[in-house]
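Working notes, beginning with the structure itself.
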Number of protein chains: 2
Amino acid sequence: MVGRIAASSAPRSADVARAAGVSRKTVSRVLNNEPYVSDELRRRVLDAAVELGYRLNHAARALASGRNRSIGVVALGTAGYGTASLLVGIEKAVRDAGYALRVVNTEDGDPEGISGAVMSLLEQGVDGVVVSEPVVEGEVSLRVDVPVLFLGAPPAFTAARTLSVGVGAHALARAATDHLLDLGHTTVHHVAGPRRWYASKDRIEGWRAALAARGAPEQPVVEGDWSPASGYAAGRELAADSSVTAVFVAGDEMAVGLIHALREAGRRVPEDISVVGFDGNPVFAYVTPPLTTARQPFDAAAREGIRLLVHAIEEPETDLPPAGEPPVELVVRGSTAPPPSYGVG
Amino acid sequence: MVGRIAASSAPRSADVARAAGVSRKTVSRVLNNEPYVSDELRRRVLDAAVELGYRLNHAARALASGRNRSIGVVALGTAGYGTASLLVGIEKAVRDAGYALRVVNTEDGDPEGISGAVMSLLEQGVDGVVVSEPVVEGEVSLRVDVPVLFLGAPPAFTAARTLSVGVGAHALARAATDHLLDLGHTTVHHVAGPRRWYASKDRIEGWRAALAARGAPEQPVVEGDWSPASGYAAGRELAADSSVTAVFVAGDEMAVGLIHALREAGRRVPEDISVVGFDGNPVFAYVTPPLTTARQPFDAAAREGIRLLVHAIEEPETDLPPAGEPPVELVVRGSTAPPPSYGVG
DNA sequence: GTGAAAGCGCTAACAC
DNA sequence: GTGTTAGCGCTTTCAC
């Protein structure tokens, strides 16, 4: 048998062990921060590893240990502020927890797409899965043996261990509607996202609850698709109805489109019609009029969700009580005002 | 030796082989779409795999074969439209190529942060790395034995095999400036991103080239940080200078902030001052005035970059000529107009 | 066309 | 505290 002469091949843990004059197992212990290694050996191993430019092979570790130290996320393939903010928050929380992140987008968060994405993540070997803003609850039943976190919605499919962390959308929608009602509007119209999205339903319900609590008349929901163009279309529709004085829109971008249509139709915002958006993208503080909006706690939700998920991965036995919902934050800017006085407009 | 009784443990390729009545190697061949397997056996193996709910173990495959079928991306940890669009494009291209995606963000794309991120990706076992919009060229020298693609900038560090795909920022900046000059403005001011970003430099140079080509006087660059707030600050500064009639801003969000400041200061856009943004976020078609902007070809750049990267991974021998730059796309909306007539304003 | 043996780089259980 | 022995589940020779 001829020895491998490949001088430039990457060093393995055996090389580090040899260089440090210890066994491979000791190297393994040091690399995994396990106890029962003398400080002296630990030093020697670490020095040797740096010296050789050694890099641990995660695949081998995963195969031998059964643990991957990685988390997979299923996200929506859009560059929208909400989706992107959530992903950034997830990545940071995952990295801080010492895990690697694998991402699979679904073009359209339907149950089949999501289950396919989860499947591919499972093949890749993840210790946990995050489903970011699943669109609908479905009867997809996957054999998933790792914990699954649903972010921004209740579980969208059955799995052995599911967790779920909301963004407080119901309370946020209610606060947005209450703000308009407090200003003196007799009722509030609502432009929602697509019905099949859980996020849409949640906001609709919050809006409805606020209306019901004040005995305000409920209005038919106008349905958009999150795009500014759909908000614009909704705006044209609502501008035609002279009784409209206040609108709660389920997304900032739709709200901007709506305001544009309203102004084109000669309706002033906020003098004639008040508008509240949803999300909290800071850039809309600089449009005319600056957009009043319900800020979603993307970061806090991601952090809290990953904390729960990692706990479920590392200590499957003990239940960790979820922390309370993050505070409701309504950002009042210039797109809301009291309704026009009767008999004056 | 007592057989494992764990009835619920996940099936392995040996189980599939047994169920199909073939050897493990044949299963492997079928799963990897290798030739020299009879259709009949192929069918039997596939059926058995589905029957047992078999899922391939990527870690084991990576360990045995040395290939991971995964690509790592180093991105900026921001939810901005540009970064997010690029990531969405990368994910889709990677998935279409049959690879898995691993993501590591850097809080701040400095050389140390990037090299740390690349290192962690390498440990995870990726076949290629994408560095999305690195901030600066640095003297970071990593021992990277897989191909590295720099997206939106030239190579930021040395590696064995580097590729780079631009977004045509220079040409885009030049087109934006030319548009303003064509309208009759005698010169164009520029609000840039942070100097240490490659993206900022590229745009500055395109702007400068356009000015120089017409013999237009060059103006000092105002530096922002991509945020709308920094655009607002730049707007206050520029509003104080009555000679300003046209501004090319290196990012849409800064442009929106700038316009807000201009209008607050009593300068009309576009009547008094024309503004062009950069990126192409569609929502800004719905603000007042609708923003004229240079649209970055995020998707095309990501697709082309990943095509090159995958080629470099799979056929390291042959060089693939990069396709031409994508077409320059200037979206003219309402924030630009001819300069105010002399003696009238 | 198909199968048997060996081993990828690491960690698990055990011995010392 | 430390080292030894056996695999993790797959793909790779190479024989048939």
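A, B, ... follow the sequence lines: proteins, then strands. Residue 1 opens every chain.
Between B:Arg44 and B:Glu51 there is no salt bridge, since none of the side-chain N atoms of the basic residue sits less than 4.0 Å from a carboxylate O of the acidic one. In summary, A:Glu107 and B:Arg95 engage in a salt bridge, as defined by a charged side-chain N under 4.0 Å from a carboxylate O. Checked for salt-bridge contact, A:Asp47 and A:Arg43 meet the test: a charged N lies under 4.0 Å from a carboxylate O.
Scanning DNA chain D for stems, defined as runs of 3 or more consecutive Watson-Crick or G-U wobble pairs whose donor-acceptor distances all fall under 3.5 Å, gives the following ranges: C:1-11 with D:6-16, C:13-16 with D:1-4.
Taken residue by residue, residues 61-71 of chain A places heavy atoms nearer than 4.0 Å to DNA chain C at A:Arg61, A:Ala64, A:Ser65. At a non-hydrogen distance threshold of 4.0 Å, nothing from residues 121-129 of chain A comes into contact with DNA chain D. Proximity of residues 13-31 of chain A to DNA chain D (heavy atom under 4.0 angstrom from any strand atom) is restricted to A:Val22, A:Ser23, A:Lys25, A:Thr26, A:Arg29. Near DNA chain D, meaning a heavy atom under 4.0 Å away, the residues from residues 40-51 of chain A are A:Leu41.
Between A:Phe150 and A:Phe157, the ring center distance clears the sub-6.0 Å criterion.
Residue pairs meeting the salt bridge (charged side-chain N to carboxylate O under 4.0 Å, His left out) criterion with at least one partner in residues 300-312 of chain A, sequence neighbours excluded, are A:Glu304-A:Arg307.
The interatomic distance linking B:Glu34 (CD) with D:dC10 (C1') rounds to 12 Å, in whole Å.
Distances shown here put every side-chain N or O of A:Tyr36 at or beyond 4.0 Å from the OP1 or OP2 atom of D:dG3. Contact between the side-chain N/O atoms of A:Asn32 and the OP1/OP2 oxygens of C:dT11 is found at a separation under 4.0 Å.
For B:Leu63 against A:Ala59, the heavy-atom pair with the smallest separation is N-CB, 4.4 Å.
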